[in-house]
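So the structure is just underneath, and the comments pick up after that.
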Amino acid sequence: MDTRQKAYFEDVREGMTIPSVTYGPMDRYSYISIAIILRDTNPLHLDRVYARERGLPDVVQQGPLNETYLYRFLTDWLHRPWDLRKTKIRFAANVFPGDLLTCQGTVTRKYHENGEPRVDCQIWQENQKGDKILIGEATFTLPERG
Amino acid sequence: MTPDRKTLIGRTFPAVKYVINEDDIRDYLPVAGEEHPAFRSAEEARAAGYQRRVIPPSFAPFVAILGMLRSFDWEKDFFLDYRTGTAMFGEQELEYQRPLYVGDTLTIQGTVVDVYEKQGKRVFDVARVSVKATDEGGGIAFQGGLSYILFK
């Protein structure tokens, strides 16, 4: 349950921080479900011996699952999940089991478009060491007060 | 020696159909920790102001990726041996025209719009693919682009 206070369009100002959320620790067993959903059983995500033979500390969490948390950070905070309009996300580093993922954002612009209030923001996700995992931008709508 | 992937620019992959199905969503919701009531049933979705049961927006990139994974062949279309080669996601840009619903039948199609070489710790190609998902009514559900990093 997300307990962050929801914002209205009038509350938002450029430069404002969106309340951050930390997710985790990441669980290697969830990679099995993701492999099933993506029909992609690349051993890099499932076999830690295989991963270590390739110089990695452990199996690599699937990139789309990293994204899940950055999306949730926004959509759990919005009034309705599909108030999200646009995302642009760059994959910068790998996530491993046990990692904690902190998602953050800063409002960059507020305006009206297509007859609705819109907010642009920068968003990013980093691990417990401060390494950037995902870096991007998003656009969403927020309701106006009465 | 990898063939020149720049020759791929302009290639349009076959359109594939993906039905947003109950099985995938049931597998996804607990793993993702997605708990909004509108994801659970049609009634709860209507109470939240949606016509039908919606999926979490976080599943939309999975829809795009699933569509792409089915429409191209790593070897034939990207000159990549998936057993020994490495492909990674570079960037994703997606714009949503409407909510996505459980049961939506989407036609997903990608076109290679650019390929360029970059030098990191190793030399790799970046392949940018534009993606469009249309619904049964012919309307665009979402569109954007994905880029893949393909090591030489």
Side-chain angles (χ1 to χ4, degrees), chain A residues 1-2 21 23-24 26-27 29-44 50 54 56 60-76 78-94 114 134-141 143, chain B residues 18 21 23-39 45 47-51 54-66 68-70 74 82-101 142-149:
Chain A
M1 185 65 193
D2 195 286
V21 182
Y23 300 94
M26 296 297 122
D27 176 4
Y29 289 98
S30 57
Y31 309 170
I32 300 168
S33 299
I34 299 298
I36 291 168
I37 292 164
L38 288 173
R39 288 86 168 154
D40 180 1
T41 54
N42 187 328
L44 197 63
Y50 178 94
R54 277 151 189 80
L56 295 159
V60 177
Q61 178 161 305
Q62 291 97 337
L65 184 55
N66 308 346
E67 256 190 306
T68 290
Y69 295 103
L70 194 56
Y71 264 72
R72 271 186 60 196
F73 153 71
L74 284 175
T75 58
D76 285 350
L78 297 176
H79 291 246
R80 306 193 314 155
W82 282 99
D83 288 347
L84 185 69
R85 295 286 176 267
K86 220 185 288 186
T87 60
K88 183 176 180 178
I89 294 172
R90 183 164 64 82
F91 291 81
N94 286 325
N114 290 350
L134 300 173
I135 303 164
E137 298 157 25
T139 300
F140 51 82
T141 184
Chain B
Y18 172 72
N21 64 87
D23 290 340
D24 283 350
I25 298 306
R26 195 180 48 227
D27 286 345
Y28 179 71
L29 293 178
V31 169
E34 290 280 15
E35 292 177 340
H36 196 286
F39 308 145
Y50 295 107
Q51 299 165 11
V54 291
I55 65 165
S58 67
F59 194 73
F62 285 78
V63 174
I65 291 163
L66 273 164
M68 286 300 96
L69 282 176
R70 282 202 214 164
W74 289 110
Y82 197 65
R83 289 159 306 168
T84 57
T86 306
M88 297 184 336
F89 292 114
E91 196 170 80
Q92 271 178 22
E93 190 169 2
L94 295 172
E95 183 170 1
Y96 303 106
Q97 311 297 328
R98 64 162 178 81
L100 298 182
Y101 302 98
F142 67 84
Q143 61 188 339
L146 313 176
S147 72
Y148 295 92
I149 289 170

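In what follows, every chain begins at residue 1, and chains take the letters A, B, ... in the order their sequences are listed.
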Heavy-atom pairs under 4.5 Å with chain A, option from [options] with the top count:
{"options": "B/Phe89, B/Phe142, B/Tyr50, B/Tyr28", "answer": "B/Tyr50"}
{"options": "B/Pro57, B/Ala48, B/Pro61", "answer": "B/Pro57"}
{"options": "B/Met88, B/Arg98, B/His36", "answer": "B/His36"}
{"options": "B/Gly90, B/Ala38, B/Ala60", "answer": "B/Gly90"}
{"options": "B/Val54, B/Asp23, B/Leu69", "answer": "B/Val54"}

Cut-off 3.5 Å, no hydrogens considered: what does the side-chain donor-acceptor table look like for residues 34-42 of chain A, sequence neighbours left out?
{"unit_1": "A/Arg39", "atom_1": "NH1", "unit_2": "A/Ile37", "atom_2": "O", "d": "2.4"}
{"unit_1": "A/Arg39", "atom_1": "NH1", "unit_2": "B/Asp24", "atom_2": "OD1", "d": "3.3"}
{"unit_1": "A/Arg39", "atom_1": "NH1", "unit_2": "B/Asp24", "atom_2": "OD2", "d": "3.1"}
{"unit_1": "A/Arg39", "atom_1": "NH2", "unit_2": "B/Asp24", "atom_2": "OD2", "d": "3.3"}
{"unit_1": "A/Asp40", "atom_1": "OD1", "unit_2": "A/Asn42", "atom_2": "N", "d": "3.2"}
{"unit_1": "A/Asp40", "atom_1": "OD2", "unit_2": "B/Tyr82", "atom_2": "OH", "d": "3.3"}
{"unit_1": "A/Asn42", "atom_1": "OD1", "unit_2": "A/Leu44", "atom_2": "N", "d": "3.0"}
{"unit_1": "A/Asn42", "atom_1": "ND2", "unit_2": "B/Tyr82", "atom_2": "OH", "d": "3.3"}

>> For a quick test of reading the model, state the closest non-hydrogen atom pair linking A/His79 to A/Pro143 and the distance between them.
In response: CD2-CD, 3.4 Å
>> Would A/Val60 and A/Tyr31 count as a side-chain contact (heavy atoms from CB on, under 4.5 Å) here? Give the steps.
In response: CA-CA 9 Å; A/Val60 177; A/Tyr31 309 170; over 6 Å; no
> Parallel, tilted or perpendicular: which fits the ring planes of B/Phe59 and B/Tyr18, with parallel below 30° and perpendicular above 60°?
Replying inline: tilted
> Is a side-chain donor or acceptor of B/Ser147 paired with a backbone partner of B/Glu91 at a separation under 3.5 angstrom?
Replying inline: yes
> If only atom types and distance count, is the side chain of A/Thr68 paired as donor or acceptor with the main-chain N or O of A/Pro64 below 3.5 Å?
Replying inline: yes
Chain A contact via [X] - side chain, backbone, both or neither, heavy atoms under 4.5 Å:
{"X": "B/Leu94", "value": "both"}
{"X": "B/Pro56", "value": "backbone"}
{"X": "B/Ile149", "value": "neither"}
{"X": "B/Glu35", "value": "side chain"}

>> The criterion is side chain to side chain contact (heavy atoms under 4.5 Å, CB included); which residues satisfy it with B/Glu95, sequence neighbours excluded?
In response: A/Lys86, B/Gln97
Using non-hydrogen atoms and a 4.5 Å limit, figure out which bit of [X] sits close to chain B: side chain, backbone, both or neither.
{"X": "A/Tyr23", "answer": "neither"}
{"X": "A/Thr75", "answer": "side chain"}
{"X": "A/Asp2", "answer": "neither"}

> For the ring pair B/Trp74 and B/Tyr148, is the centre-to-centre distance below 6.0 Å?
Replying inline: yes
